[in-house]
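Numbers for residues simply follow the sequence, beginning at 1. Hydrogens, waters and symmetry mates play no part in the numbers below; they use all other heavy atoms, side chains included.
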Amino acid sequence: MNQFYVFHIKRVKQLIIILIIAFFTAGILYIQNFMQFPVFSTSDGPKAVYRGETKNNEVSLTFNITWGDVKAEPILNILKKEGISNATFFLSASWAERHPDLVSRIIKDGHQIGSMGYAYKNYTDLEKEEIRRDITKAQEVFLELGVKDVDLLRPPTGNFNKQVLNIAQKSGYTVVHYSIDSEDWTNPGVDKIIENTVSDLKGGDIILLHASDSAKQTEEALPAIINNIKEKGLKNVTIEKLIANTEVKSSEVK
């Protein structure tokens, strides 16, 4: 009777262990299959850049603009006042064609322009041909506006996968993500935007900010962010400069 009891206990323990392993394995598979990771690369395929080399003490301020009429100009004014002439602006071409004067000013002030496609649509929800058409239409708009050498792409909504990376590469683009998210578009408060941006800031970081009308507090936070960059002994450069001749960083999603 005692032997049967001991055997029964051992059997129950074995079943519990098996169940724990099964649930753990299922959880890992779920995460791998359904979570969207921000950066994807393979050892022999296209890559999405999210930061440059730390040792160069360079960072890149980047601004997304997808819609709106009033926030872009004040951001440009602050950058000029603070002596920043090398930020990178990722523009939706549909916004750019409605604001040719601002596009011209971005270039005149020395900033780099990257593409966010034409329409603000999640590329991971689109078919291959739809993605190609959106990228191509944006290319045509930028050329019509006199914007040359646009070879950086930040996919609309920030979501991308292997298919998007492959299409971008074949279209002559490098996909650029970011390592610092200010979360300014959520309007969490000026102090919070500054904290999100500078608390862990170091060389090589790509900083995500917005100059669309939805980001109502970025203008007020920007001077302090720029001042902190300088105080840390860091230098702002364009994405082109940040990733040129350096070992850029990317992450792999299997």
Side-chain angles (χ1 to χ4, degrees), residues 36 38-39 48 50 59-82 84 87-107 109 111-126 131 134-135 137-138 141-142 145 147 150 152-160 164 175-199 201 205-226 228-229 236 239:
Q36 289 189 339
V39 180
Y50 74 96
V59 298
S60 284
L61 288 166
T62 71
F63 297 86
N64 290 359
I65 308 181
T66 57
W67 73 279
D69 304 315
V70 300
K71 289 300 181 181
E73 188 170 9
I75 293 294
L76 287 168
N77 290 340
I78 292 171
L79 291 173
K80 188 169 185 177
K81 180 180 178 181
E82 298 292 336
I84 301 294
T88 303
F89 284 81
F90 288 92
L91 310 179
S92 289
S94 56
W95 178 90
E97 67 181 354
R98 294 194 302 272
H99 301 85
D101 293 343
L102 285 173
V103 174
S104 295
R105 177 169 176 193
I106 290 171
I107 297 171
D109 285 359
H111 306 299
Q112 183 178 16
I113 289 179
S115 175
M116 289 192 75
Y118 183 82
Y120 194 72
K121 294 181 179 179
N122 186 346
Y123 279 178
T124 59
D125 291 337
L126 303 181
I131 298 170
D134 190 76
I135 291 174
K137 187 172 183 179
V141 169
F142 287 125
L145 292 173
V147 185
V150 178
L152 302 177
L153 176 70
R154 180 168 280 168
T157 74
N159 296 321
F160 53 90
V164 174
V175 173
V176 178
H177 201 58
Y178 49 85
S179 55
I180 297 289
D181 186 356
S182 68
E183 298 185 16
D184 59 342
W185 64 275
T186 66
N187 299 306
V190 172
D191 290 342
K192 185 61 176 175
I193 293 172
I194 296 169
E195 178 187 349
N196 290 342
T197 305
V198 306
S199 59
L201 187 65
D205 277 325
I206 297 174
I207 302 164
L208 174 64
L209 293 157
H210 295 77
S212 293
D213 284 6
S214 56
K216 303 180 186 300
Q217 300 164 339
T218 308
E219 176 185 352
E220 191 175 348
L222 188 54
I225 291 171
I226 294 172
N228 195 275
I229 289 173
N236 189 76
I239 292 292

Is it the case that Asp184 and Thr218 place a side-chain donor and acceptor less than 3.5 Å from each other?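 A pair is found: one side chain offers a donor N or O, the other an acceptor, under 3.5 Å apart.
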Nearest heavy-atom pair of Ile75 and Ala211: which atoms, and what distance?
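Closest approach of Ile75 to Ala211: CG1-CB, 4.0 Å.
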- Query: Taking only residues two or more places apart in sequence or in another chain, which ones pass salt bridge (charged side-chain N to carboxylate O under 4.0 Å, His left out) with Arg98?
  - Reply: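 Here no residue qualifies.
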Specify whether His177 and Phe160 have parallel, tilted or perpendicular ring planes, treating 30° as the upper limit for parallel and 60° as the lower limit for perpendicular.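 Because their plane-to-plane angle is over 60°, the rings of His177 and Phe160 count as perpendicular.
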Would you mind reporting whether [Y] and [X] have side-chain heavy atoms less than 4.5 Å apart?
{"X": "Thr66", "Y": "Trp95", "answer": "no"}
{"X": "Ser115", "Y": "Ile135", "answer": "no"}
{"X": "Leu222", "Y": "Leu79", "answer": "yes"}
{"X": "Ile65", "Y": "Leu102", "answer": "no"}
{"X": "Arg105", "Y": "Asn77", "answer": "yes"}
{"X": "Ile193", "Y": "Ile225", "answer": "yes"}
{"X": "Asp134", "Y": "Lys121", "answer": "no"}
{"X": "Thr157", "Y": "Tyr120", "answer": "yes"}

Pick one: which of Phe63, Trp185, Tyr178 meets side chain to side chain contact (heavy atoms under 4.5 Å, CB included) with Leu208?
->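 For Leu208, the side chain to side chain contact (heavy atoms under 4.5 Å, CB included) check succeeds only for Tyr178.
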Does Glu220 have more than 12 heavy atoms from other residues, nucleotides or ligands lying within 6.0 Å of its CD?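 Counting neighbours around CD of Glu220, 12 or fewer heavy atoms of other residues, nucleotides or ligands fall under 6.0 Å, so no.
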query = Should the heavy atoms of other residues, nucleotides or ligands under 6.0 Å from CD of Glu82 be counted, would the total exceed 12?
reply =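 More than 12 within 6.0 Å, yes.
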Test log, rule side chain to side chain contact (heavy atoms under 4.5 Å, CB included), inputs Ile239 and Thr62:
CA-CA 8 Å; Ile239 292 292; Thr62 71; 3.8 Å; yes
Sequence neighbours excluded, which residues qualify as side chain to side chain donor-acceptor pair (under 3.5 Å) partners of Ser60?
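If we apply the side chain to side chain donor-acceptor pair (under 3.5 Å) test to Ser60, skipping adjacent residues, there are no hits.
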Let me confirm one number: the [atom1]-[atom2] distance from [X] to [Y], rounded to the nearest 0.5 Å.
{"X": "Phe89", "Y": "Gln112", "atom1": "CZ", "atom2": "CD", "value": "11.5 Å"}
{"X": "Lys192", "Y": "Glu183", "atom1": "NZ", "atom2": "CD", "value": "7.5 Å"}
{"X": "Asp191", "Y": "Asn196", "atom1": "CG", "atom2": "CG", "value": "11.0 Å"}

